[in-house]
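Labels below follow one simple rule: chain letters A, B, ... track the order of the sequence lines, proteins then strands, and each chain is numbered from 1.
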Amino acid sequence: MSRGRERVVALVDMDCFFMQVEQRLDPQLRGRPCAVVQYTEWQGGGIIAVSYEARAFGVSRGMWASEARALCPELALARVPQARGKADLTRYRDASAEVMQVLSRFAAIERASIDEAYLDLTGTARDRLRALQGGPVPAALLPSTFVQGLPGDPGPESGGKEELRQRGLHEWLASLSFDNPDCPDLQLTMGAVIVEEIRVAVEEATGFRCSAGISHNKTLAKLACGLNKPNRQTLVSARFVPQLFSQLPVSSIRNLGGKLGTAITDILGVEYIGQLTQFSETELQTHFGDKTGSWLYDLCRGIEEEPVKNRYLPQSIGCSKNFPGRTALATQKAVQHWLLQLALELESRLNKDRSQNHRVARQLMVVIRQQGDTRVSRFCALSRYDAQKMCNDAFTLIQNCNAAGMQQAAWNCCSGKRLSALPNAACYVCSGGSSTNVLSEETSLPPLARYYSSPVCLHH
DNA sequence: CATTACGTATCC
DNA sequence: GGATACGTA
């Protein structure tokens, strides 16, 4: 078996998840152009999820509701609930847990975010192929599957997308020899059959639709998932990776959407991920470090070995609020007020987590953001789930940063290694052993500085 | 002013 | 231990 084709990995991603949660709650929103906003004072609120009907009008995430309405006057809006003066995402976290529970019936899952999870289906696919005993996989078992790269010749006068999908799928199935259960393409095909079943189960249990990618590793599965949204799944075989990568912008690969991706295109003068195959592993390591260089060398050939972790729960619990522009917190009282609101939310979520998941947070982190997006973080021990205490501790940590912040030049002190030299600064104590989770809280603060605030560490 | 509110991983 | 990067609703 060729390297990199050992596993069957799937990524399941909910379609405009927050929007679907709101549509399930309010049937009037279904099938319409709509969006989810948080807050409403500034420009009607910020859009964080958009139905596909609204996307057709050009509405997108990150827009202000006022801009979106200009593009789509009929746009219906749902609002994120508020509690303690801030956006409260509980509704979506709970919906996420419903989805994760269904996914967990089929395989160990790695929760990748609130609305997506990776599954390693290698063993399950192998079992199902064995049960098939060399028989064919009927196209009817893959009703929403696209095979990337097929049909090979779309033809001059092709019909709609569904017709193309079916032609591609039939070409694919016709190309497989079903007598060899070790054939990686056959394993992916069975993986896709299983994912069809998983997606039906998710919709049946939750009412939510999703898309999925099926391939040999996490990066390809993630990429595949995005190729035919919404409510469809895509199989990416190693067979078609060279063709797919030859015109795929570097930035469309997971982890390459930011600075690393920009560095790659700038330094190497390439546009597409496939062009990286021209460079030696050593060259890539020279520019991007040993680990990243080796990762890139394999990745541009469609190979990646990062395992699907068995992790169902989030590793940290946090909350944050920004205070942009003139809403910046100006007084000590205001800072304490908002820290307490954040700590109250944290306390509530921590208590729920402890009783449901039998683990305990041990570390509190406070993050402060200044103008220009400068962030400073500080840790301390979290010994009790007590909002007032967390608030006081966080404030103590923040005060030190704020004092330094008063003298502009001293800010570097705060973010540097001299932290422990600052008065009252050091209180981080990570409990030994199995301490794992970090819970965070974030806020924005006063005059010169804007602040985030804090996390915490959990153990089982 | 104002892309908010999360969450994870890696580097040094 | 803290900074930094990356990613998505």
Quick check: do A:Leu350 and A:Met390 have side-chain heavy atoms less than 4.5 Å from each other? yes
Are A:Tyr272 and A:Phe245 near enough that their ring centres are under 6.0 Å apart? no
Any side-chain N or O of A:Arg311 less than 4.0 Å from the OP1 or OP2 oxygen of B:dA9? yes
For A:Tyr92 and A:Phe18, take the angle between the two ring planes, folded into 0 to 90°, and tell me which bin it lands in: parallel under 30, tilted 30 to 60, perpendicular over 60. parallel
Salt bridge between A:Asp15 and A:Lys229, side-chain N to carboxylate O under 4.0 Å? no
For A:Asp88, side-chain contact (heavy atoms from CB on, under 4.5 Å) partners two or more places apart: A:Ala83, A:Thr90
Take atom CD of A:Gln82 and atom P of B:dC6, then tell me their distance rounded to the nearest Å. 12 Å
Nearest whole Å is fine: how far is B:dT10 C1' from A:Lys291 NZ? 7 Å
Please pick, from B:dA5, B:dC11, B:dC6, the nucleotide with the shortest atom-to-atom distance to any side-chain atom of A:Lys86. B:dC6
Side-chain contact check for A:Asn322: nearest option of C:dG2, B:dC6, B:dT4 is B:dT4
Looking at residues 39-68 of chain A, who's got a heavy atom less than 4.0 Å off DNA chain B? A:Tyr39, A:Trp42, A:Gly62, A:Trp64
Value in whole Å for how far the C1' atom of C:dC6 lies from NZ of A:Lys218: 14 Å
Write down the distance between CH2 (A:Trp338) and C1' (B:dA5), rounded to a whole number of angstrom. 14 Å
For nucleotides B:dT3 and C:dT8, find the distance between their C1' atoms and express it as a whole number of Å. 12 Å
Options C:dG2, B:dG7, B:dC6, nucleotide nearest the side-chain atoms of A:Arg378: C:dG2
Considering the options A:Glu110, A:Glu304, A:Glu305, which one meets the side chain to side chain donor-acceptor pair (under 3.5 Å) requirement together with A:Lys218? A:Glu110
Hey, does the side chain of A:Ser377 come within less than 4.0 Å of C:dG2's phosphate (OP1/OP2), counting only N and O? no
Can you measure A:Tyr312 atom OH to B:dG7 atom P for me and round it to whole angstrom units? 16 Å
Pair A:Phe288 and A:Trp295, ring centroids less than 6.0 Å apart: no
Taking it one step at a time, do A:Asp94 and A:Lys352 satisfy salt bridge (Lys or Arg N to Asp or Glu O under 4.0 Å)? CA-CA 12 Å; A:Asp94 289 349; A:Lys352 186 171 167 190; 3.2 Å; yes
Side-chain atoms of residues 74-81 of chain A: list all donor-acceptor pairs with protein atoms under 3.5 Å, sequence neighbours left out, distances to 0.1 Å.
none

Can you tell which of C:dA9, B:dA5, B:dA2 lies closest to the side chain of A:Asp13? C:dA9
Side-chain N or O of A:Ser316 less than 4.0 angstrom from OP1 or OP2 on B:dT8? yes
Main-chain N/O of A:Leu342 paired with A:Glu345 side-chain donor or acceptor, under 3.5 Å: no
Please state how far atom CZ in A:Arg254 lies from atom C1' in C:dT8, giving the value in whole angstrom units. 13 Å
Using a 4.0 Å cut-off on heavy atoms, which residues in residues 14-35 of chain A reach DNA chain C? List them by number, or say none. A:Cys16, A:Phe17, A:Phe18
What residues 90-122 of chain A contributes to the DNA chain B interface at heavy-atom separation below 4.0 Å is A:Arg93
Check: A:Gln38 side chain, B:dT4 base, donor-acceptor under 3.5 Å: yes
Could you tell me whether A:Arg349 and A:Asp353 have a side-chain N and a carboxylate O separated by less than 4.0 Å? no
Summary of salt bridge (Lys or Arg N to Asp or Glu O under 4.0 Å) pairs that have at least one residue in residues 22-32 of chain A, sequence neighbours excluded: A:Glu22-A:Arg91, A:Arg24-A:Glu98
